[in-house]
There are 2 protein chains.
Amino acid sequence: MAHARRVTLQDIAAAVGLSVNTVSRALTGKDQVSEETRAMIKAVADRLGYVPNTMARSLVLGQVMTIGVVITNPSNPFYARLISAIEQRGRVHGYSMLLMVSEENPDNERRAVESMMRWGVDGAIVVPVQAGDDHWRRLIDSGTRVVLVNRDLSDVDCDFAGIDYERSAYEASLHLLDTGVDSMYLFEEDLRISTVAARIDGFTRAVTERGLPADAVRVLRVPTRRHEASTLPWEAAESYDLARSVVAGLPDNCGILLGNDYFALGLYRALREAGRRIPDDVRIVGFGDDTFAGYLDPALSSVRLPSEQLGTAAVDQLLARLADRATRTPRVTAFYPTELVVRASSAGPAVVPAPAPAARRTRARTRQGSS
Amino acid sequence: MAHARRVTLQDIAAAVGLSVNTVSRALTGKDQVSEETRAMIKAVADRLGYVPNTMARSLVLGQVMTIGVVITNPSNPFYARLISAIEQRGRVHGYSMLLMVSEENPDNERRAVESMMRWGVDGAIVVPVQAGDDHWRRLIDSGTRVVLVNRDLSDVDCDFAGIDYERSAYEASLHLLDTGVDSMYLFEEDLRISTVAARIDGFTRAVTERGLPADAVRVLRVPTRRHEASTLPWEAAESYDLARSVVAGLPDNCGILLGNDYFALGLYRALREAGRRIPDDVRIVGFGDDTFAGYLDPALSSVRLPSEQLGTAAVDQLLARLADRATRTPRVTAFYPTELVVRASSAGPAVVPAPAPAARRTRARTRQGSS
DNA sequence: ATGAAAGCGCTAACAA
DNA sequence: TTGTTAGCGCTTTCAT
């Protein structure tokens with residue numbers, strides 16, 4: 001059962017007794033064709049089951065109506081939502097999405113760039129691994145517009161849509177300090193990426209500002225297995241191991257900031273097993289506000305990240321660049337506001353648990369400047 | 001700063017003083033070219049920064065080395081892992097991935113099919129919405145190989161890689177019944193899809209087999225908002241609302257099976273607030289074994305789903321079909337085994353909580369048959 | 001309003 | 001081993 005060969009403009013032209021050219025014009029809505037001819041051609045095309053050939057079309061047009069998306073790990077719910085938002089927004093504007101996964105591996109990332117250059121995608125939206133950036137520069141030099149998301153590359157001349165993690169971590173830390181803790185911990189994953197560094201900076205700024213003695217402050221790195229495979233779940237087990245080894249030495253009345261909510265899963269268990277109480281003994285704030293955060297016991301305070309907004313903004317920014325190909329405006333760096341959702345896990349000693357969760361937003365900012 | 005025009009075979013040919021054809025042969029590794037010529041050409045191509053044009057290549061070759069992937073909702077962690085697995089496996093074989101999101105909406109699904117036909121993707125891997133299937137038949141008739149994943153369409157002639165939810169639910173229900181409960185509840189999302197129906201069937205078979213009186217058995221449907229947007233988190237809030245309205249009438253010593261683990265988040269909270277104890281009063285088993293399952297308090301028993309295996313198998317199945325284009329073997333229907341991970345939430349009254357979680361796997365099966 | 005011809009970049013016959 | 005020719009399906013001059 002060999003399926004029917006694909007119907008082409010030729011076939012339609014032959015069927016209606018007109019030239020390929022006319023058929024093309026009729027179908028693409030050009031106005032140099034009589035309405036009756038067009039209707040007739042459309043009818044025949046429909047009857048024959050004509051579907052335009054994107055390859056041929058793109059080859060001559062020089063644009064493929066496709067954006068390449070490179071993500072480190074789609075299993076991370078933050079990125080999963082980002083992908084959804086990008087796809088949705090792109091689809092509205094008629095763009096398809098070529099998805100590539102780098103798994104935090106620069107080699108995969110380079111391969112992704114190669115792939116995008118072969119395809120000649122119109123633009124790329126990227127969460128960079130942040131290990132090497134020559135390939136990005138090459139991609140941009142080849143004429144592809146690139147928008148970085150969540151992680152920036154200061155040496156690459158392209159737009160960026162991200163989150164001010166420094167400030168978010170600073171504010172979350174202040175919130176913990178405000179509950180009256182007298183020592184502070186930060187759990188961060190063991191990756192050399194700017195988002196982690198920024199959170200550490202914000203955390204450090206807060207504890208320094210409040211004058212916490214150095215020996216009352218610790219940054220703990222949770223080993224990550226994210227390099228190994230993109231299908232791995234997040235690092236709850238690792239944070240559990242770390243927390244268990246730390247929990248005995250954990251002073252009462254301390255605050256813990258977590259680089260992501262999954263750390264809370266491991267930490268909660270370790271504390272439970274050690275008989276430590278949240279928030280009485282230990283007060284906790286996470287990052288990400290994953291679905292489960294509000295349903296843990298006690299409910300986890302967490303910094304909500306604007307993943308959908310980020311995805312939408314990245315697409316819009318890309319399309320804007322595509323719209324005026326020529327102009328050479330300096331790179332746009334936009335930060336989108338997070339929201340500290342305060343729940344029971346960081347309720348201060350004297351505070352009555354609020355009925356509705358209080359929210360506190362960082363303000364939105366957009367910055368323009370050269371590189 | 002107009003970027004340099006893309007380097008073509010022509011450019012290389014001109015540079016080395018040979019024909020386009022020879023350059024093509026040299027670069028694609030054909031053996032009708034002297035080694036020294038090839039080396040020379042490769043060097044020049046490299047120096048010039050040549051990148052093959054996929055569009056042009058695909059146009060003449062008639063294959064695009066791309067597989068279309070249609071998913072209902074990438075924010076569902078099960079599908080997120082599936083996507084990762086598919087991308088990874090496809091990449092190994094040199095395939096790119098065009099990702100489309102249907103959001104449980106048949107219109108979007110139809111658009112996705114249209115898009116894939118325009119592209120002329122070599123194959124498609126699909127989680128169907130299960131509302132209408134003409135478009136799938138059209139896609140297949142056009143010569144595109146399709147593999148369905150997780151949800152089957154019995155009237156469409158293509159391969160399927162899935163999970164035996166009926167059996168999994170049956171076994172999970174038996175497990176609950178074995179703990180000595182004398183009433184059974186099932187929480188299922190409010191979607192008309194085969195996976196939900198299958199779990200209901202399995203649940204029903206188990207309770208019937210054990211002779212539970214009809215008034216001791218209930219299937220509750222959790223309203224879903226999944227249609228609204230693919231970036232929405234899963235339905236913890238909805239299950240909480242439902243659970244809260246039900247929990248007062250919930251008899252002690254009952255068992256609850258959940259269509260997905262997110263329902264546990266809402267249910268746990270509702271039970272907590274009502275002062276009901278898990279597993280003493282209520283015993284629970286979820287579906288999905290999401291990362292947080294083992295870290296809830298008490299740890300949630302859950303049916304682990306082989307998402308990675310499913311993704312890998314789907315790609316392999318697709319590539320197998322692609323390999324022997326001609327042959328017309330009947331559709332392959334493969335089921336991959338789940339694993340019931342028993343944890344504290346379903347510990348029977350007399351059972352000591354196991355130190356390591358006991359696991360129980362359904363057996364793997366592959367079936368062949370027409371349609 | 002319609003047609004003829006050229007070409008997008010590449011590969012695959014067929015020659016030489 | 002290398003070159004010439006043709007063509008994948010489409011769009012875009014330039015004629016008519």
Side-chain angles (χ1 to χ4, degrees), chain A residues 4-42 44-45 48-66 114-122 142-143, chain B residues 4-42 44-45 48-66 116-122 142-143:
Chain A
R5 191 182 55 78
R6 188 166 175 175
V7 177
T8 71
L9 287 186
Q10 290 250 37
D11 301 325
I12 302 175
V16 299
L18 288 170
S19 77
V20 178
N21 193 338
T22 308
V23 175
S24 168
R25 281 190 292 230
L27 261 27
T28 49
K30 297 283 190 301
D31 55 351
Q32 318 141 328
V33 100
S34 78
E35 272 315 316
E36 42 185 346
T37 315
R38 164 164 319 174
M40 193 261 279
I41 290 178
K42 276 200 165 143
V44 174
L48 262 39
Y50 171 72
V51 176
N53 185 325
T54 295
M55 292 297 140
R57 189 160 211 277
S58 299
L59 182 57
V60 42
L61 255 36
Q63 62 154 3
V64 292
M65 292 302 285
T66 297
E114 168 86 10
S115 185
M116 290 192 285
M117 290 184 69
R118 285 167 183 267
W119 276 92
V121 297
D122 301 299
S142 83
Chain B
R5 191 182 54 79
R6 187 166 175 175
V7 177
T8 71
L9 287 187
Q10 290 250 39
D11 301 325
I12 302 175
V16 301
L18 288 170
S19 78
V20 177
N21 193 341
T22 307
V23 175
S24 168
R25 280 190 294 231
L27 259 28
T28 50
K30 296 284 191 298
D31 54 353
Q32 318 142 329
V33 97
S34 78
E35 274 315 316
E36 43 185 344
T37 315
R38 166 164 322 184
M40 192 261 280
I41 291 177
K42 276 200 164 144
V44 174
L48 261 40
Y50 172 71
V51 177
N53 184 325
T54 294
M55 293 297 142
R57 189 160 211 276
S58 299
L59 182 57
V60 43
L61 254 36
Q63 61 155 5
V64 292
M65 292 302 284
T66 297
M116 289 191 285
M117 291 184 68
R118 286 168 182 269
W119 276 90
V121 296
D122 301 298
S142 83

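Within every chain, numbering begins at 1; the chains are lettered A, B, ... in the order of the sequence lines, protein sequences first and strands thereafter. Because the structure is a prediction, the values reported are computed rather than measured. We use all heavy atoms of the structure for the numbers below, so side chains are in, but hydrogens, waters and symmetry mates are not.
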It should be established whether A/Ser34 places a side-chain nitrogen or oxygen under 4.0 Å from OP1 or OP2 of nucleotide C/dA1. no
Whole-Å distance, B/Leu59 CG to D/dC10 P, equals 9 Å
Give one of base, sugar-phosphate or nothing for B/Arg6, where a contact means two heavy atoms less than 4.0 Å apart. nothing
Is the shortest heavy-atom distance from the side chain of B/Tyr50 to the side chain of B/Arg6 under 4.5 Å? no
In whole angstrom, what separates A/Asn53's CG from D/dT11's C1'? 13 Å
Classify the nucleic acid contact of A/Ser58 as base, sugar-phosphate or nothing, counting any heavy atom under 4.0 Å across all strands shown. nothing
Are side-chain heavy atoms of A/Arg118 and B/Asn53 found at a separation under 4.5 Å? no
For B/Leu9 and C/dC8, what is the distance between atoms CG and P respectively, to the nearest whole Å? 12 Å
Regarding B/Thr37, tell me which of base, sugar-phosphate or nothing describes its non-hydrogen contacts under 4.0 Å with the strands shown. sugar-phosphate
Indicate yes or no: at least one non-hydrogen side-chain atom of B/Val64 is less than 4.5 angstrom from one of A/Thr54. no
Determine: side-chain N/O of B/Lys30 to OP1/OP2 of D/dT2, distance under 4.0 Å, yes or no. no
On DNA chain D, more 5' by nearest nucleotide between B/Ala56 and A/Arg57 is B/Ala56
Out of A/Ile12, A/Ile41, A/Leu9, which residue meets the side-chain contact (heavy atoms from CB on, under 4.5 Å) rule with A/Ser24? A/Leu9
Regarding the side chain of B/Val60, the nearest nucleotide among C/dT11, D/dG9, D/dT2 is C/dT11
Within this structure, what is the CG-to-P distance between A/Asp31 and C/dT2, rounded to whole angstrom? 12 Å
Separation between CD (A/Gln10) and OG (A/Ser19), nearest 0.5 Å, reads 10.5 Å
Of the candidates C/dT2, C/dT11, D/dT2, the side chain of B/Thr22 sits closest to D/dT2
How is B/Ser19 classified with respect to the nucleic acid when contacts are heavy atoms under 4.0 Å: base, sugar-phosphate, or nothing? base
Given atom CG of A/Asp11 and atom C1' of D/dC10, what is their separation to the nearest angstrom? 13 Å
Nearest-Å distance, CE (B/Met55) to P (D/dG9)? 16 Å
Side chain of B/Arg25: nearest nucleotide among C/dA13, D/dC10, C/dT2? C/dA13
CD (B/Gln32) with more than 12 external heavy atoms under 6.0 Å: yes
Rounded to the nearest Å, what distance is computed from the CG atom of residue A/Leu27 to the C1' atom of nucleotide D/dG9? 13 Å
Name the closest nucleotide to the B/Asn21 side chain, picking from D/dG3, D/dT11, C/dT2. D/dG3
Taking for A/Gln10 and for A/Gln32 the nucleotide of DNA chain D with the nearest heavy atom, the one nearer the 5' end belongs to A/Gln10
Phosphate OP1/OP2 of D/dT11 contacted by A/Ser24 side-chain N/O (<4.0 Å): yes
Just how far, in rounded Å, is C1' of D/dG9 from CD1 of A/Ile12? 11 Å
